[in-house]
Amino acid sequence: FLSEMVACFAPRQQQPQQQPGVSPGRPDSGPASRPVGLAYSGWDVIDAEGRPNGRATVSTWSGDVWAQFVTRNPVACSGAVVRRSVFDDVGDFAVNRDRFPIDVEDWEMWVRISSSYPVAVVEKVLAHHRRHDSNSSSNPESLHAAYDHFLDTVFEGQPPERQGLRPLATARAEIVLGWHSLADLRDADRALAYRRSAARHVPDVRRSPDWWRLGAAAMALKVVGDRGFRAVRGANKSARRVLSKLPLDKLRREGTFTP
């Protein structure tokens with residue numbers, strides 16, 4: 001893990017390029033002109049017994065990635081390495097646990113770093129996220145408040161072209177909240193309400209397979225109850241385990257929102 005991650009911070013050999021409106025010899029102040037500030041890898045999900053459930057996120061996003069990171073978090077804390085000097089520059093992780101027992105301070109940090117530094121990625125799974133009954137992320141109410149605070153923070157003072165990404169960021173957060181409503185609360189109506197809201201923010205979200213999966217899972221819970229929902233969810237996990245062993249790399253890239 002360390003050897004692959006540390007290699008991302010090796011000095012990059014770049015040929016100087018003159019940009020329109022920039023005089024020769026004038027340094028560019030954008031992220032691309034600075035050394036890599038964050039390196040991250042792909043990650044997958046394992047259950048309480050350490051068995052992969054077939055879910056994995058393997059991102060290809062690198063370089064100037066603010067526009068991507070602000071709408072989806074592909075970084076697992078256990079699969080990330082940050083230069084110490086970057087923390088000196090951008091500050092420490094925000095502390096909001098007094099207001100939000102479940103916060104997304106890691107996501108806010110990655111966005112903050114990507115606004116000032118280029119990002120590097122190792123396009124393979126190097127970290128595991130273990131899900132079990134004591135996971136602290138099982139609090140949809142707190143997570144909703146944390147997402148609202150995150151969106152207000154990262155979009156504050158941004159120019160109009162960046163503000164245009166907020167509906168997409170909001171819609172994707174609502175899909176996540178919909179899944180948590182099912183997995184943690186068994187609340188199908190709440191999940192469907194998040195799903196409708198996501199479509200109002202970005203109508204094209206209806207083209208996302210995860211939007212349809214969320215709807216199908218919520219309806220299964222409403223129609224057949226918790227036992228049927230758990231059976232459907234178990235079958236889905238088994239199918240994902242089988243698919244994860246096949247050479248279908250696209251199925252495991254920037255994957256699903258499903259918890």
Side-chain angles (χ1 to χ4, degrees), residues 5 8-9 29-31 34-43 45 57 59 61-121 127 129-131 134-181 184 194 197-198 201 254 257 259:
M5 300 298 283
C8 294
F9 293 93
S29 60
R34 310 185 75 174
V36 168
L38 162 69
Y40 70 103
S41 72
W43 54 279
V45 180
T57 295
S59 177
W61 296 340
S62 64
D64 184 357
V65 296
W66 188 93
Q68 289 84 14
F69 272 25
V70 80
T71 64
R72 181 185 290 168
N73 179 16
V75 184
C77 286
S78 56
V81 177
V82 179
R83 286 181 186 271
R84 180 65 184 85
S85 59
V86 170
F87 288 124
D88 294 334
D89 183 22
V90 306
D92 297 328
F93 286 91
V95 179
N96 296 307
R97 295 288 172 140
D98 56 332
R99 291 183 293 168
F100 317 119
I102 308 302
D103 197 11
V104 289
E105 66 269 34
D106 55 335
W107 189 7
E108 189 274 332
M109 174 58 77
W110 314 144
V111 173
R112 203 188 322 161
I113 292 173
S114 68
S115 70
S116 301
Y117 292 86
V119 169
V121 62
H129 174 71
R130 183 169 173 261
R131 287 192 62 85
S134 299
N135 276 132
S136 62
S137 58
S138 301
N139 186 333
E141 292 284 356
S142 177
L143 196 57
H144 185 148
Y147 278 144
D148 285 346
H149 177 73
F150 164 80
L151 293 170
D152 288 342
T153 299
V154 298
F155 284 103
E156 182 179 5
Q158 295 295 340
E161 61 271 19
R162 284 189 165 185
Q163 294 287 351
L165 292 169
R166 181 158 185 165
L168 177 59
T170 301
R172 285 179 167 171
E174 288 174 331
I175 294 294
V176 174
L177 290 167
W179 281 112
H180 278 287
S181 297
D184 303 327
Y194 278 125
S197 182
H201 281 106
E254 279 138 36
F257 298 109

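Only this structure's heavy atoms are used, side chains among them; waters, hydrogens and symmetry mates stay out.
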Going from CG on N73 to CD on Q68, what distance comes out if it is rounded to the nearest 0.5 angstrom? 13.0 Å
Kindly state whether the ring of H180 and the ring of Y194 have centres lying under 6.0 angstrom apart. no
I want to know whether F155 and F150 have ring centres closer than 6.0 Å.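 Aromatic pair excluded; centres sit 6.0 Å or further apart.
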Indicate the atoms forming the closest heavy-atom contact of [X] with [Y], along with that distance.
X	Y	result
F93	E105	CD2-O, 3.6 Å
N139	P101	ND2-CB, 4.5 Å
A146	I102	CB-O, 3.3 Å
A127	S78	CB-OG, 3.7 Å
D148	R166	O-NH2, 4.5 Å
R83	P35	NH2-CB, 3.8 Å

Pairwise side-chain contact, [X] with [Y], heavy-atom cut-off 4.5 Å (strictly under):
X	Y	answer
L143	V104	yes
R72	W61	yes
F69	V119	yes
C8	Y40	no

Could you pull out all residues at least two apart from [X] that satisfy side chain to side chain contact (heavy atoms under 4.5 Å, CB included)?
X	result
V82	L38, V86, F87, W110, I113
L168	T71, R172, V202
R162	W66, Q158, P159
P160	none

Please lay out, stage by stage, how T170 and Y147 fare under the test side chain to side chain donor-acceptor pair (under 3.5 Å). CA-CA 8 Å; T170 301; Y147 278 144; over 6 Å; no
Contacts of D89 that satisfy side chain to side chain donor-acceptor pair (under 3.5 Å) - sequence neighbours left out: R34, Y117
Holding to side chain to side chain donor-acceptor pair (under 3.5 Å), I want the full list of residues that pass it with E108, two or more places apart in sequence or in another chain. R112
Whether over 12 other heavy atoms sit under 6.0 Å from E156 CD: no
In terms of heavy-atom contacts, does CD of E141 have more than 12 from other residues, nucleotides or ligands at under 6.0 Å?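 Open: at most 12 neighbouring heavy atoms sit under 6.0 Å from CD of E141.
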For E174 and H144, run side-chain contact (heavy atoms from CB on, under 4.5 Å): C-alpha distance rounded to whole Å, both residues' side-chain angles, the deciding distance at 0.1 Å, then the answer. CA-CA 8 Å; E174 288 174 331; H144 185 148; over 6 Å; no
Under 3.5 Å, is there a donor-acceptor pair between the side chain of S62 and the main chain of A120?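 Checked: no pair found.
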